[in-house]
Amino acid sequence: MTAIEISTAILTLLAGIGIFLIACQMMSENLESASSKRLKTLFKKASKSKLLGVGIGALGTAAIQSSGATTVMTIGFVNAGIISLVQAATIIYGANIGTTITAQIVALGMFGGNTVSTSIIFSAFAGIGAFTILFAKKDILKKWGGIITGFGMLFVGLTLMSDSMSVFAETEAVKAFLAKITNPVLLVIIGAVFTAIIQSSSVMTSIALAMVVTGLISLDQGIYITMGSNIGSCVVAIIAGATGSTNAKRTALIHLLFNCTGVVVFMIIAAFMQAFAGIGFGTIFSKMFPDVPQTQLAMFHTIFNTVTVCFMLPLTNQLVKVVCRMIPDKPVQIESDYRHVYFIDENLLKTPPIAVEQTKKEILNMSKIAMGNFNRSIDIITTLDFEDEQQFRQDEHELNFLNRSIVDYVVKLSESRSLNEHDHIFLSSTFRVVRDIERVGDYAENIIEYASTLKESGQTFSKDALAEIAHLRDLINSLYEQVEIAYHKENVNALTAAETIEDDVDDFTRVMEEAHIKRLSNGECTPSTGAQYLSLTSNAERIADHLLNVGKSIKPLLVTI
């Protein structure tokens, strides 16, 4: 083989890997977008059942064609405190099963013989999908066009990788070199290292399939390289967990220990089989699936991951305990900065549909904090008891922090190309929504200032004024309840009810102003007290306006449902 042929083969291999990776990303992004609502529902069901967790992980990974994305998303959920370590472990187990579908698809594309190769047939889907993207008018059709294009490009990349392997297979020096690498541990390390570099076990497994089919390596060598790719795939999770909470780091370690345990168990079994029967896994799978080396390796990959899950599932609680000992909780310290986000996490940006759902939860949580401060401010101004003022100030700082954090997060999330029209519209509305919520907190802060003025002057509101304030407070809380339902569930009936209550707030504040004028005329209150009372009603009315604005933000979304 000449230097030009070697260079061409290497460049062809790089081109194949590049196309394969882009195809995986393209399929993942479009599948996430097209099935976003199903994905949201699916991952909400990470419940107490371990088997259900495994099923969710497997189905989710099969849907988005990326075990790395599923694992990173799971770390994000743990980091946000949404799921427990046990639930995270079972989802990761399932992700390892779900990722084997890629190898099965690749193996299917390697059939051919004297007929048209299935790889060529499937490659043609890239053209079909491209035409769909170009000529389709509906967004959902364009998404499916992207899925079909990505599916076809998988096999374009596979064909290039196979062609490069065929060139190397014709070189005796290369074959002789690879034939010397028979040590199982070394082969596992090779698979792990190259997977860590590529950051895709699917690509490494596909390369191993191509090498086995072309005769460049034996089936046993391919099996150990594939086992190593499972360990190498943990790099993505380790990177994601490194900057997260203690539980996020534990989740990444669970992924690593799970995969390492599976490899160790299978290598021990292989050693015993070799010592007492003189056979390896390659012999067994060659007999199970004769004359189809691609299926032999793909089926080993599936059975290996499935058996590992069956072995580890009953030991999940013990695995979590071991991990908690290895990464203990940090000593409890009084945090100088109590501000933090509750639901959103940078790791979730890799799965935009889930990140959108978490963004909504973060906004709803922010609204609860704002309403908590509103009610706290009413308590303080009506009782002139400032015991809760420190908590009020902390929550006000938290609201400002959440405002900035959510906006920054949404800016990053909006850059994703896998969002559907509904999610894009939702995200564009969040900038106004978080500003409205932050303004609720600001007006509550004004009310605290009015309370301070009253206390300094030694004056209080009359009984009638206090009763009116209490009624106004009830109206605004009722308004918030309807707005929360409308925003969370995109419920038009709740929005209509909120609009009615907001009208009632406007009407009642006018009644309060008239009642105040009468009390002032009768000498029941002083001008100074009356000024604080009118300022309070004005601020409360504006709070109601901002709350209604949050509810009204769902109107553009209703068109896309």
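Predicted model, so just to flag it, every value in this text is computed and none were measured.
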Test item: [X] and [Y] side chains (from C-beta on) under 4.5 Å apart, heavy atoms:
{"X": "L399", "Y": "V440", "answer": "no"}
{"X": "V54", "Y": "V309", "answer": "yes"}
{"X": "V550", "Y": "S367", "answer": "no"}
{"X": "N230", "Y": "H301", "answer": "yes"}
{"X": "I369", "Y": "L402", "answer": "yes"}
{"X": "D545", "Y": "E502", "answer": "yes"}
{"X": "L495", "Y": "K555", "answer": "yes"}
{"X": "S377", "Y": "N539", "answer": "no"}

Closest heavy-atom contact between [X] and [Y]?
{"X": "S201", "Y": "T99", "value": "OG-OG1, 4.2 Å"}
{"X": "A544", "Y": "V505", "value": "CB-CG1, 3.9 Å"}
{"X": "F426", "Y": "S429", "value": "O-OG, 2.6 Å"}

Interatomic distance, [X] atom [atom1] to [Y] atom [atom2] [nearest 0.5 angstrom]:
{"X": "L419", "Y": "H424", "atom1": "CG", "atom2": "NE2", "result": "4.5 Å"}
{"X": "L547", "Y": "K552", "atom1": "CG", "atom2": "NZ", "result": "12.0 Å"}
{"X": "M326", "Y": "K249", "atom1": "CE", "atom2": "NZ", "result": "14.5 Å"}
{"X": "E490", "Y": "L557", "atom1": "CD", "atom2": "CG", "result": "5.0 Å"}
{"X": "D503", "Y": "L548", "atom1": "CG", "atom2": "CG", "result": "8.5 Å"}
{"X": "K143", "Y": "I148", "atom1": "NZ", "atom2": "CD1", "result": "14.0 Å"}

Kindly say whether [Y] contributes a backbone atom to a donor-acceptor pair with the side chain of [X] at under 3.5 angstrom?
{"X": "E362", "Y": "I344", "value": "yes"}
{"X": "S538", "Y": "S535", "value": "no"}
{"X": "S416", "Y": "L413", "value": "no"}
{"X": "N96", "Y": "N305", "value": "no"}

Salt-bridge contact D436-R432 (side-chain N to carboxylate O under 4.0 Å):
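R432 and D436: salt-bridged.
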Salt-bridge test for E389 and R376: reply yes if a basic N is under 4.0 Å from a carboxylate O, no otherwise.
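Between R376 and E389 there is no salt bridge, as every charged N stays at least 4.0 Å from the carboxylate O atoms.
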Does the side-chain contact (heavy atoms from CB on, under 4.5 Å) test come out yes or no for L313 and L51, once each step is laid out?
CA-CA 8 Å; L313 191 60; L51 284 176; 3.6 Å; yes
Identify, with sequence neighbours excluded, every residue that meets ring pair (Phe, Tyr, Trp, His ring centres under 6.0 Å) alongside Y409.
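Per chain and number, Y409 pairs via ring pair (Phe, Tyr, Trp, His ring centres under 6.0 Å) with no residue.
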Holding to side chain to side chain donor-acceptor pair (under 3.5 Å), I want the full list of residues that pass it with D379, two or more places apart in sequence or in another chain.
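D379 satisfies side chain to side chain donor-acceptor pair (under 3.5 Å) with R473 only.
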Please report the C-alpha distance between T102 and T205 in whole Å, then the side-chain angles of each, then the deciding distance to 0.1 Å, and finally whether the side-chain contact (heavy atoms from CB on, under 4.5 Å) criterion is met.
CA-CA 9 Å; T102 304; T205 304; over 6 Å; no
Taking atom types as modelled and ignoring hydrogens, do the side chains of [X] and [Y] form a donor-acceptor contact shorter than 3.5 angstrom?
{"X": "T316", "Y": "Y93", "value": "yes"}
{"X": "S553", "Y": "Y487", "value": "no"}
{"X": "Q391", "Y": "D395", "value": "yes"}
{"X": "R250", "Y": "N247", "value": "yes"}

Are there more than 12 heavy atoms of other residues, nucleotides or ligands under 6.0 Å from atom CZ of F131?
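Incorrect, the count does not exceed 12.
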Name the residue from F374, Y443, Y480 that meets the ring pair (Phe, Tyr, Trp, His ring centres under 6.0 Å) definition with H546.
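Answer to the ring pair (Phe, Tyr, Trp, His ring centres under 6.0 Å) test with H546 among F374, Y443, Y480: Y443.
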Working for side-chain contact (heavy atoms from CB on, under 4.5 Å), residues V411 and F431
CA-CA 9 Å; V411 169; F431 300 104; 3.9 Å; yes
Show, in sequence, the C-alpha distance, side-chain angles and deciding distance for R393 and I448, and conclude whether the side-chain contact (heavy atoms from CB on, under 4.5 Å) test is met.
CA-CA 10 Å; R393 299 298 177 190; I448 293 290; 3.5 Å; yes
Validation row, ring centre Y342 to ring centre H340 under 6.0 Å:
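Ring centroids of Y342 and H340 are less than 6.0 Å from each other.
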